[in-house]
Asks: 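Take this structure first; my questions come after.
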Amino acid sequence: MKIKPGAPALLVSLALLTLTGCGMNDSSGSSGSADPAEAPLVGTSTSRDAAGAVERVSSELYDLIGVKGKGSDSRSGVMECEGKDPATHFKVFHPWSFYPASADQLDEAMERLKTELPKHGWKVVRYEPDTSQAKNLNLTADNTEKKYSVSVVQMKKNDPPKLSLTVVSGCYRVPEGKEVERF
C-alpha cells in the first residue's frame with residue numbers, strides 16, 4: 001500500500017525542505033550554513049530516476065536506524081530548485097516515517113542515527129530539541145558526496161510514536177530534450 005501525505009503534511013514537508021534543504025555548498029563542501037538556493041548540482045537525470053535514487057538513500061537510512069520497526073511506504077516527489085530554471089532543474093524529496101516496534105526504542109533509534117550517519121559519509125549539522133511544546137528532538141545531516149540532506153524529527157508524543165524523516169537531494173538537470181516531470 002502506498003501512503004500519500006495529505007495536503008497539510010505535504011506543506012509541512014515542503015516548508016521543512018525549504019528551510020533545511022540540501023544545505024551543502026559545492027565550492028566549499030561546508031554543510032548546514034549555505035542558502036538552499038546554493039544547493040549543489042547532483043548531475044543529470046530524469047525526474048523518475050532521481051526519485052528512485054532518493055528512495056534508495058531513504059532505504060539506506062532505514063538500515064542505519066538499526067532497531068526493529070516499520071517504515072511507511074510513501075512516495076517521493078519533485079520540487080523546484082531555487083535559483084535555477086524550473087524547466088530544466090529540480091530537486092527530489094522523500095518524506096517517510098519510522099515506527100519502532102516498541103515506543104521505548106525511539107531514543108535508541110535516534111541515538112543510532114546520530115552515531116551511524118557520520119560513519120557513512122553524513123555530517124550531523126543539528127541535533128537538538130525544537131521549540132514546540134513537545135520539544136521534539138531534531139537531527140539534520142548532510143552528505144556532501146551524495147549531495148543529499150536528511151531531516152529527522154523524533155515525535156514521542158504522537159500516537160503512535162515515530163521518527164519523521166525527509167530526505168532531499170541537491171539540484172538535478174534534466175537530460176537534453178527531456179522535461180521535468182512533477183509528481
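Along the sequence shown, residues carry numbers from 1.
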Asks: I need the minimum non-hydrogen distance between S76 and F183, along with the two atoms involved.
Replies: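 Smallest heavy-atom distance, with atoms named: O-CD1, 3.7 Å.
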Asks: For E179, does the CD atom sit with more than 12 other heavy atoms under 6.0 Å from it, leaving out its own atoms?
Replies: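 At most 12 heavy atoms, drawn from other residues, nucleotides or ligands, come within 6.0 Å of this atom.
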Asks: Under a plain distance cut-off of 3.5 Å, with no hydrogens placed, do W96 and S58 share a side-chain donor-acceptor pair?
Replies: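 Yes, side-chain donor-acceptor contact under 3.5 Å.
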Asks: Do the non-hydrogen side-chain atoms of T166 and V150 ever get within less than 4.5 Å of each other?
Replies: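 The answer is no, as the side chains (C-beta and beyond) never meet within the 4.5 Å cut-off.
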Asks: Excluding sequence neighbours, so at least two apart, what forms side-chain contact (heavy atoms from CB on, under 4.5 Å) with K70?
Replies: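 Once residues adjacent in sequence are excluded, K70 has no partner under the side-chain contact (heavy atoms from CB on, under 4.5 Å) criterion.
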Asks: Do V67 and M110 share a hydrophobic cluster (ILVMFWY, side-chain heavy atoms under 4.5 Å, transitive)?
Replies: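 Per the 4.5 Å side-chain linkage, V67 and M110 are co-clustered.
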Asks: Pick out which of K114, K156, R112 makes a salt bridge (charged side-chain N to carboxylate O under 4.0 Å, His left out) with D107.
Replies: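 For D107, the salt bridge (charged side-chain N to carboxylate O under 4.0 Å, His left out) test succeeds with only one of K114, K156, R112, which is K156.
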Asks: Do Y148 and V54 have side chains that get closer than 4.5 Å, going by heavy atoms?
Replies: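 Yes, close enough: below the 4.5 Å cut-off.
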Asks: Could you grab the distance from atom CG of L41 to atom SG of C81, nearest 0.5 Å is fine?
Replies: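 L41 CG to C81 SG: 8.0 Å, rounded to 0.5 Å.
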Asks: Side-chain contact, heavy-atom cut-off 4.5 Å: T140 with S149?
Replies: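 Counting from C-beta outward, T140 and S149 do come under 4.5 Å.
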Asks: Shortest non-hydrogen contact from K91 to V168?
Replies: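 What the structure gives for the nearest pair is CD-CG2, 4.1 Å.
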Asks: Taking all atoms of both residues into account, what is the closest heavy-atom pair of A39 and G170, and its distance?
Replies: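 What the structure gives for the nearest pair is CB-CA, 4.3 Å.
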Asks: Indicate yes or no: at least one non-hydrogen side-chain atom of H120 is less than 4.5 angstrom from one of K146.
Replies: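 No, every pair of side-chain atoms sits at 4.5 Å or beyond.
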Asks: Could you give the distance from CD (E128) to NZ (K135), rounded to the nearest 0.5 Å?
Replies: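 Those atoms lie 11.0 Å apart.
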Asks: Determine whether R75 and E55 satisfy the following criterion, salt bridge (charged side-chain N to carboxylate O under 4.0 Å, His left out), listing intermediate values before the conclusion.
Replies: CA-CA 8 Å; R75 295 182 177 178; E55 290 178 18; over 6 Å; no
Asks: Please determine if R182 forms a cation-pi arrangement with F90, meaning its NZ or CZ atom is less than 6.0 Å from the six-membered ring centre and no more than 45° off the ring axis.
Replies: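 Because its charged atom misses either the 6.0 Å distance or the 45° angle limit, R182 does not stack over F90.
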Asks: Measuring only between side-chain heavy atoms, which start at C-beta, is V78 closer than 4.5 Å to V180?
Replies: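 Yes, close enough: below the 4.5 Å cut-off.
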Asks: Knowing that exactly one of L139, L117, L113, V152 qualifies, which makes a side chain to side chain contact (heavy atoms under 4.5 Å, CB included) with Y127?
Replies: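 When side chain to side chain contact (heavy atoms under 4.5 Å, CB included) is applied between Y127 and each of L139, L117, L113, V152, only L139 qualifies.
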Asks: Donor-acceptor pair, S45 side chain versus Y172 backbone, under 3.5 Å?
Replies: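 Such a contact is absent between S45 side chain and Y172 backbone.
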Asks: For the NE2 atom of H94 and the CG atom of L61, what is their distance to the nearest 0.5 Å?
Replies: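 Reported to 0.5 Å precision, the distance equals 10.5 Å.
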Asks: Measuring from atom CG of N138 to atom CD of Q154, what distance do you get when rounded to the nearest 0.5 angstrom?
Replies: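 Here the interatomic distance stands at 9.5 Å.
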Asks: Using the test side-chain contact (heavy atoms from CB on, under 4.5 Å), find all partners of P118 that sit at least two apart in sequence or belong to another chain.
Replies: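 side-chain contact (heavy atoms from CB on, under 4.5 Å) check on P118 returns V124.
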Asks: Starting at CG of D142, measure out to OG of S151 and round the result to the nearest 0.5 Å.
Replies: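 Going from CG on D142 over to OG on S151, the span is 10.5 Å.
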Asks: With a 4.5 Å cut-off on side-chain heavy atoms, are P175 and T46 touching?
Replies: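 With C-beta onward as the side chain, the pair touches.
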Asks: So, taking the atom named CG in N158 and the one named CG in L163, what distance separates them when rounded to the nearest 0.5 Å?
Replies: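 Answer rounded to 0.5 Å: 10.5 Å.
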Asks: Heavy atoms only: give me the nearest P129-L137 pair and the separation to one decimal.
Replies: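 That closest heavy-atom pairing would be N-CD1, 3.9 Å.
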Asks: Search all heavy atoms of V92 against all heavy atoms of S47 and return the closest pair with its distance.
Replies: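 The answer is CG1-O, 4.3 Å.
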Asks: Using 30° and 60° as the class boundaries, would you call the ring planes of Y62 and F98 parallel, tilted or perpendicular?
Replies: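 Perpendicular.
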Asks: Name all residues meeting the side-chain contact (heavy atoms from CB on, under 4.5 Å) criterion together with A87; count only those two or more places apart in sequence or in a different chain, and write none if there are none.
Replies: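 Only D85 meet the side-chain contact (heavy atoms from CB on, under 4.5 Å) criterion with A87.
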Asks: Kindly work out whether a path of hydrophobic side-chain contacts (I/L/V/M/F/W/Y, heavy atoms less than 4.5 Å apart) joins V153 to Y99.
Replies: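 Hydrophobic grouping puts V153 apart from Y99.
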Asks: Tell me, do F93 and S169 make a side-chain contact under 4.5 Å, heavy atoms counted?
Replies: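 Result no, sub-4.5 Å side-chain heavy-atom pair not found.
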